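Each remark here refers to the structure printed beneath this line.
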Amino acid sequence: MAGRNRVSLYRPEQSEAVDRHREIAVAAGIKLAIEEGRLRLFAQRIVACADPTQQRCEILVRMVDRDGTIIPPSVFIPAAERYDLIGAIDRWVVQEALTMIGRAGGLDRHTPIHLNLSAASIGDASFVAHVLEVLEDTGVAPEILVFEITETALVSNMAVAATTVGRLREMGCQIALDDFGAGLSSFNYLRQFPVDIVKIDGSFVHNMTRNAVDRYIVKSIHQIAQELGAQTVAEFVEDQATFELISSMGITFAQGYLIHRPEPFDEIMADHEIRAEA
Ligand code: C2E
Ligand code: CA
Ligand code: CA
Ligand code: CA
């Protein structure tokens, strides 16, 4: 009897309804946060393995609750995607990041900046026009921008995606394939358009010193990227042994908690220790 009760308590359709309600509430919260200016830019530094003083950063968006709690993207990005709010978030991120960089002086203006591109933005022809306009308004060089795209972001409309990628590259921006190897057809995307940087998925990197299969996968991805003339980033570098291993393999960049955690972007901008790549 207890078993039957348990089954009725955890009916899947019931929890789906709960999830849906929760997500609608999150989506309403995102709209409010955009209106009330409660999105924040965080960024995580990425270093060159051969010279860790050479830095770049990946912009990571955060939402701040009315009570000041910082909400990570894993909580609100899925809802933003489902309720058509992610395009607005991506545009805000471009506007805010380039405005902050545009105000900076000296070397900061030349530090490469990685931005995450959602499926909605990559399928939206006017996104590129928005980027161009913001570049002009802020005087930031297009060459410092690297747009990170995931396989899931590409899959929805390959033709439009290839056009968007082509335009961004013509402008002088670079393209990185994010979470590479995590999906079923990562390799297929390498045949579709030129890629400047391959980001090796953290799930292969974080255990690679303890798992030989992971090590072979990381090495193979790096070798293919090299053949294609692309640089590589190892994500989720969490200990010194992993950093040494990826460095010995010739991987270009390291990103992960060992190197730096995500920090408020304004604090990174204020750090004059940061040095642009030669
Ligand atoms: P992502 O692009 O793969 O970003 C890397 C995520 O891994 C970040 O989580 C980062 O904090 C986390 N991470 C970094 N180093 C380590 C490590 O050593 N170990 C572990 N376990 N995790 C690490 P975050 O900031 O929560 O972002 C999650 C995802 O949200 C991102 O994954 C990206 O897909 C999405 N996202 C973030 N900001 C934006 C944005 O502005 N626009 C769009 N469209 N998506 C965004
Ligand atoms: Ca990313
Ligand atoms: Ca990633
Ligand atoms: Ca990811």
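Atom set for the values below is all heavy atoms of this structure, side chains included, hydrogens, waters and symmetry mates excluded. Order of listing sets the numbers, starting from 1, for every ligand and every atom in it. Bear in mind that the values here come from a model prediction, so they are computed numbers and not experimental data.
Contact of the F147 side chain with the I122 side chain is not registered, since no non-hydrogen atoms from C-beta on lie closer than 4.5 Å. Looking only at side-chain heavy atoms (C-beta outward), R91 and S126 come within less than 4.5 Å of each other.
Ligand 1 has an N or O atom lying under 3.5 Å from an N or O atom of N116, backbone or side chain.
If you look at E235 and ask which of its N, O or S atoms sits nearest the Ca ion (ligand 3), the answer is OE2. The N, O or S atom of E58 with the smallest distance to the Ca ion (ligand 2) is OE2. Its N, O or S atom nearest to the Ca ion (ligand 3) is what matters here, and for D179 that atom is OD1. When distances from the Ca ion (ligand 2) to the N, O or S atoms of E148 are compared, OE1 comes out shortest.
Using a 4.5 Å cut-off between side-chain heavy atoms of Ile, Leu, Val, Met, Phe, Trp and Tyr, with links allowed through other members, L32 and I86 fall into different hydrophobic clusters. When the side chains of ILVMFWY residues are joined at heavy-atom separations under 4.5 Å, either directly or via intervening members, V64 and W92 end up in two distinct hydrophobic clusters.
No more than 12 heavy-atom neighbours from other residues, nucleotides or ligands sit within 6.0 angstrom of OH on Y216. In E227, the CD atom is not crowded: 12 or fewer heavy atoms of neighbouring residues, nucleotides or ligands sit closer than 6.0 Å.
Across E96, Q255, E238, heavy-atom proximity to atom 20 (C) of ligand 1 is greatest for E238. Proximity annotation for atom 40 (C) of ligand 1: of I59, L115, T150, V61, V61 comes nearest, heavy atoms only.
Residue I77 has at least one heavy-atom neighbour below 4.0 Å for each of these atoms of ligand 1: 45 (N), 46 (C). Against a heavy-atom cut-off of under 4.0 Å, D90 is close to the following atoms of ligand 1: 42 (N), 43 (C), 44 (N).
For D178 atom OD2 and N116 atom OD1, the angle they make at the Ca ion (ligand 2) is roughly 90°, to 10 degrees.
Residues satisfying the side chain to side chain contact (heavy atoms under 4.5 Å, CB included) test with Q44, not counting sequence neighbours, are L60, Q255, Y257, P262.
Sequence neighbours left out, not one pair with a member in residues 214-224 passes salt bridge (Lys or Arg N to Asp or Glu O under 4.0 Å).
Only the side chain of D178 comes within 4.0 Å of ligand 1, counting heavy atoms alone; its backbone N, CA, C and O stay farther away. When non-hydrogen atoms are compared, ligand 1 lies under 4.0 Å from the side chain of E58 (C-beta onward) but not from its backbone.
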